[in-house]
Amino acid sequence: MFRLARERAGISYSRIAAECDIKPERVGTLARGQGRISSFGKIVQIADALRVPGHMVGLAPRPWEADGAPAPQDWTGPKRRTVLQVATATGLAAALPALHQAAPPARIPLSYVDRLRERTVRLRRLDDILGGGDTYRVYLAEVQRTKAVPQRGSFAGDDVRRHLTVLLAEQAQQAGWAAFDGGRGKEAASLYEEGRTYAREAGDSDLHGNSLAFLACGTLAHDRRTAVGFAQDSCATITDRTPATVRALLYERLAWACAVNGEAAGTEAALDSARESLETAQDGEPQPDWSVWVDRTELGIMTGRCWTELARPLRAVPALTDALGRYPDEYARDKALYLSWLAEAFLRAGEVEQAAVTADRALHLATGIASIRPMQRIAPVLESLRPHGQLPEVRGVLERVAS
């Protein structure tokens, strides 16, 4: 199967490895007929990745074989996973052009690139309800698909080539974000750099700035000073033509980098710049899809996160409480994360019972999410609650975690 996938569909062994969670060198060995897969779970994973119908390998019909599956209505519980049955159809098997879509035209027009962008916009919405552990392979497949376009046709002008390069920058950044969210730090950094290269090649300063901001986020855990430098460089790309939401997004990420590095003055200045960016936005000003989610609610959450990080709970709690009151539960991963900062802020303010109640709510939302970040944030809060185990609220949440 691996050999046929490469020979007939042009799917690289590294791509198969990413989809099937097998080392690339192992894929090559198996493709040469050396060794074997003996794990039932791995056989299922490979069959699903390559869209091999269940009956061909002794399995029950796979979920993706069902036609007309009803659209899920509740994204806050286990049904969140249902969307993946649709989403993963764009993974490794999406590289089989005869089954999924026609090959690019011999002469690639701008309208074809526009259709690819529309698809990217639709797939970006998956990030609202799924974690990076679920979406990484989906987004990586889109990058690989778009990279292959020039190999199958020629461009109807340099402007078409530039638009495709801009799209690649967007897709690489989205795939990098999913990798970061799913705990694939090295892959995330590589994809951010790839997105940065495409953005510079296309002359898109907004996407270039966004790549730098992503690199800042990825670097914070191990090198705070470098992260602040990346964030400052990202804001240096802002011009008079930079859309309001992009400006706000870059300043927000600078504020966060400064907060993690303990720079209160830099944090406050960056938050003020982000607020000014949103308040001075022109009516009807077009905003790129990748930054349109940045609004006053998002800024309120970032403000609360930053003041929590700087141990200023009297500033953090009002900002987070107000913003989270408007934040829907269906964005479960993000809301769980944000609630973890609110719980920490309550703890810093001495409101232990309220911290426990908030942490419990965050745990509920984080259940079943394929993202490492919510539990990375919630776990230290729970540890800080343990000395207060005599309180009913604390005892309740700790017992639920233990069970």
Side-chain angles (χ1 to χ4, degrees), residues 1-2 4-6 9-28 30-31 37 39 41-54 59 62-65 80-97 99-101 116 119-149 167-195 214 218 290 333 368-373:
M1 287 168 56
F2 290 164
L4 286 171
R6 186 172 75 166
I11 303 173
S12 68
Y13 287 161
S14 61
R15 174 103 174 265
I16 293 172
E19 283 290 330
C20 300
D21 197 22
I22 303 174
K23 292 182 179 180
E25 57 269 25
R26 170 75 165 148
V27 173
L30 291 164
I37 296 289
S39 163
K42 185 62 65 178
I43 291 171
V44 171
Q45 187 174 3
I46 293 169
D48 284 347
L50 288 169
R51 288 299 181 270
V52 179
L59 301 173
R62 312 305 301 143
W64 48 264
E65 293 184 65
R80 185 187 303 117
R81 306 288 300 183
T82 306
V83 75
L84 194 61
Q85 296 170 6
V86 177
T88 52
T90 62
L92 184 60
L96 303 173
L99 294 178
H100 291 271
Q101 67 177 31
L116 293 182
R119 174 184 171 87
T120 296
V121 168
R122 292 195 301 272
L123 289 176
R124 189 177 287 121
R125 299 295 177 266
L126 293 175
D127 187 63
D128 291 338
I129 52 178
L130 296 173
D134 288 334
T135 59
Y136 170 64
R137 291 193 295 270
V138 176
Y139 294 144
L140 183 63
E142 290 301 295
V143 176
Q144 300 291 349
R145 184 201 306 274
T146 304
K147 280 183 179 180
V149 169
L167 178 60
L168 274 169
E170 285 187 43
Q171 291 176 337
Q173 290 174 8
Q174 186 67 41
W177 165 250
F180 173 73
D181 190 50
R184 299 170 178 261
K186 291 182 179 179
E187 291 92 334
S190 177
L191 284 160
Y192 291 156
E193 285 289 2
E194 189 174 354
F214 271 134
W290 51 266
R333 176 200 58 199
I369 295 175
S371 169
I372 66 168
R373 295 187 302 136

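Nearest heavy-atom pair across Y139 and A178 is CD1-CB, 3.7 Å. Heavy atoms only, all atoms of each residue included: A188 and G176 are closest at CB-O, 3.3 Å. Of all heavy-atom pairs between S371 and D181, the closest is OG-OD1, 2.6 Å. Nearest heavy atoms, E194 versus V143: OE2-CG1, 4.3 Å. A172 approaches L191 most closely through the heavy-atom pair O-CB, 3.5 Å.
The side-chain heavy atoms of L116 and V149, taken from C-beta on, include a pair separated by under 4.5 Å. Between L130 and V138 there is no side-chain heavy-atom pair separated by less than 4.5 Å. Proximity of R26 to I37: side-chain heavy atoms (C-beta onward) are separated by under 4.5 Å at one or more points. Between T120 and Q174 the shortest side-chain heavy-atom distance does not fall below 4.5 Å. Taking the side chain as every heavy atom from C-beta outward, L168 and Q171 approach each other to under 4.5 Å.
Atom CD1 of I22 sits about 4.0 Å away from atom CD1 of I46, to the nearest 0.5 Å. The line from CG of D48 to SG of C20 is 9.5 Å long, rounded to the nearest 0.5 Å. In this structure, the separation between CD1 on I369 and CD1 on I129 is 11.0 Å, given to the nearest 0.5 Å. Rounding to the nearest 0.5 angstrom, the gap separating the CG atom in L50 from the CD1 atom in I16 is 6.5 Å.
For the 3.5 Å distance criterion, the side chains of Q45 and K42 qualify, holding a donor opposite an acceptor.
Partners of R184 by side chain to side chain donor-acceptor pair (under 3.5 Å), not counting sequence neighbours: none found.
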| query | Could you walk me through whether F180 and F214 pass the side-chain contact (heavy atoms from CB on, under 4.5 Å) check? | reply | CA-CA 10 Å; F180 173 73; F214 271 134; over 6 Å; no
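Checking side-chain atoms of T146 against main-chain N and O of E142 turns up a donor-acceptor pair under 3.5 Å.
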